[in-house]
Amino acid sequence: MESRKIGLLIALVGMLGATPDAMLLRLENDEGAVSSTILIWRYLLVGAIQFAIASSMSGVRGLLRASTLAPKCNFAAALLVTASNLGFVFSLLWVDPAKSL
């Protein structure tokens, strides 16, 4: 497959993944939800789902043991992911989704 076609395919998949998310965020914002409320519920639910999946795959003890192996690296990675996700959500709430991507 040509590199241009692969690039277009990646862009298409990215847009299909981000468009429903942007639409739901805009709908919540239009209905009067505050940005902080949207963020709290969104990330609490995502965190709960991720914890359930990770603990079902390795058990709670295995998950805790793995998280204590490199606490500084885990904390730094968590901060980077949090900053990235917050920036993405706020960009979707404040500008058009096409501009934020």
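The figures that follow rest on heavy atoms only: side chains count, while hydrogens, waters and symmetry mates do not.
- Taking L44 as the reference, I40 meet the side-chain contact (heavy atoms from CB on, under 4.5 Å) condition, with sequence neighbours excluded.
- Residue F75 places its CZ atom among 12 or fewer non-hydrogen atoms of other residues, nucleotides or ligands, all under 6.0 Å distant.
- Under the rule for a side-chain contact (heavy atoms from CB on, under 4.5 Å), the partners of S55 that lie at least two apart in sequence or sit in another chain are F51, V60, L63.
- Of the residues listed (N85, L86, L79), the one engaging T82 in a side chain to side chain contact (heavy atoms under 4.5 Å, CB included) is L86, and it is the only one.
- The backbone N or O of L80 sits nowhere less than 3.5 Å from a side-chain atom of S84 that would complete a donor-acceptor pair.
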